[in-house]
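Just so you know, these numbers come straight off a predicted model, no measurement behind them. Values below: every heavy atom of this structure, side chains too, minus hydrogens, waters and symmetry copies.
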Amino acid sequence: MNNTANLTSHQDLWRNVTVGNTTWVYRPAVNSALNDAISAVVIIIIIINMVSLGCTMEVSKIKYHIMKPKGVAIAVVSQYVIMPLTAFCLAKGFQLSDITAVSVLVCGCCPGGQFSNTLTLALKGDINLSIVMTSCSMLLAMGMMPLLLYIYCKSFPSVRNAVPYVQIILSLVLTLVPCGIGILINTYRPQYSKRVTKVGMIILLIFTVVTLTLAIIANGRYILTVLSPSLLAIAGLMPLIGYCFGYVFSAIFRLSQRERRTVSMETGCQNIVLCATILKVAFPIEVVGPLYLFPVVYFVFQFFEAAMIIMLFWCYQRFKKKEKEPYQPAATGEDLKESDV
């Protein structure tokens, strides 16, 4: 209750977040029933997402990489150093309001998501390492996210003592329960894990569309807040910086090419479902407003930038393959006659 009171008491939380650069405080234009419906759907989405994520995890592979933790350790450092620092620098550089900066920081401090596993597969990376990295960053998020938010939020006076750390920790703990259910399914009923993941992805897509529809209805004219030039620029720069620095950082420690591509994807990809859930559930609607949709904008840039990297990689692979093929001159008529003899 104190956190909510502290947050809503600051009239400057929404300063500089609109395109017109005006000062105002978000006031929901809809009744609480629709807002509660959005929160319920968001919670359902995170449960489905975490069960599907758990179904991709194998205990034996996790144990293997724990025994040889170099790659995982480098990836975790990349995830929880590069991305939070990038989010903080961009928030300061674009002079965001305090609550907007916190929304960007929550996104930057989030662990890697399941989407990075798909991107790693497309880049011919180490898929086992990717899954273990996702698992480890998710477990560490319970301690690292509150700690990093506490450190970086000191630079934003109006939210310094008002970030709901307890609610954030509870949200993270609750996400581990469905993730654990997914791991149990994959361990004891592996024949169902792929089916659960496929069905989960379909349901996840449907509920995501429902959430976006309800959010547009609920926020109406305030939806342009998350489409302001500053937030669009940040959403575009954050994943790109993560992809590049993740690769460079792993190259410094001499990981293999496959591992470098894996760390790159894990660093740039954030669990946007978890991020949106924390922003929607942990923060009061009067404060966060439509900013819980920022992770969606981030995901769009995250996806298209990763797609460009994958296309460049495939083109490079094809060019390299052609370069290695030995030159064979075309057979002449005389050659053909000689070969027939």
Does either side chain, that of [X] or that of [Y], offer a donor lying less than 3.5 Å from an acceptor on the other one?
X	Y	result
Glu266	Ser130	yes
Ser97	Thr100	yes
Glu259	Ser256	yes

| request: Kindly indicate, with the supporting measurements, whether the criterion side-chain contact (heavy atoms from CB on, under 4.5 Å) is fulfilled by Leu96 and Leu231. | output: CA-CA 9 Å; Leu96 300 181; Leu231 284 180; 4.3 Å; yes

Is there a side-chain contact between [X] and [Y] in this structure, where contact means two heavy atoms from C-beta onward sitting under 4.5 Å apart?
X	Y	result
Tyr243	Cys269	yes
Gln79	Met144	no
Phe313	Arg261	yes
Val196	Val51	yes

Distance, nearest 0.5 Å, that separates [atom1] of [X] from [atom2] of [Y]:
X	Y	atom1	atom2	result
Leu149	Ile278	CG	CD1	8.0 Å
Cys109	Tyr80	SG	OH	8.5 Å
Leu279	Leu291	CG	CG	7.5 Å
Met308	Met311	CE	CE	6.0 Å
Cys244	Ile82	SG	CD1	10.5 Å

| Within 45 degrees of the axis of the six-membered ring of Tyr152 and under 6.0 Å from its centre: does Lys92 put its NZ or CZ there? | no

| said: With clusters defined by side-chain heavy atoms of hydrophobic residues (ILVMFWY) lying less than 4.5 Å apart, directly or transitively, does Val77 cluster with Leu129? | reply: yes

| message | Quick check on the hydrophobic clustering: are Leu312 and Tyr316 connected, directly or via other members, by side-chain heavy-atom contacts under 4.5 Å? | response | no

| said: For the CZ atom on Phe299, are there more than 12 heavy atoms of other groups (residues, nucleotides or ligands in this structure) within a distance under 6.0 Å? | reply: yes

| said: More than 12 heavy atoms of other residues, nucleotides or ligands under 6.0 Å from CZ of Phe303: yes or no? | reply: no

| task | Take Leu232 and Phe301 through the test side-chain contact (heavy atoms from CB on, under 4.5 Å) and record every step on the way to the result. | result | CA-CA 9 Å; Leu232 286 175; Phe301 283 97; 4.1 Å; yes

| request: Classify the ring geometry between Phe249 and Phe253 as parallel (under 30°), tilted (30 to 60°) or perpendicular (over 60°). | output: perpendicular

Pairs under 3.5 angstrom only: tabulate donor-acceptor contacts from the side chains of residues 233-241 to other protein residues two or more places apart or in another chain.
none

| task | Go through Phe294 and Cys107 one step at a time and tell me if the side-chain contact (heavy atoms from CB on, under 4.5 Å) criterion holds. | result | CA-CA 8 Å; Phe294 171 73; Cys107 188; 4.0 Å; yes

| task | Please test Tyr298 against Val104 for side-chain contact (heavy atoms from CB on, under 4.5 Å), starting from the C-alpha separation and ending with a verdict. | result | CA-CA 10 Å; Tyr298 181 92; Val104 173; over 6 Å; no

What heavy-atom pair brings [X] and [Y] nearest, and what distance separates the two atoms?
X	Y	result
Val72	Met133	CA-CG, 4.3 Å
Pro111	Met145	CD-SD, 4.1 Å
Arg260	Gln257	NH1-NE2, 3.1 Å
Ala101	Ala91	CB-CB, 3.9 Å
Pro190	Ser193	O-OG, 2.8 Å
Ile309	Met265	CD1-CE, 4.3 Å

| query | Who else is in Leu184's hydrophobic cluster (ILVMFWY, side-chain heavy atoms under 4.5 Å, direct or via others)? | reply | Tyr188

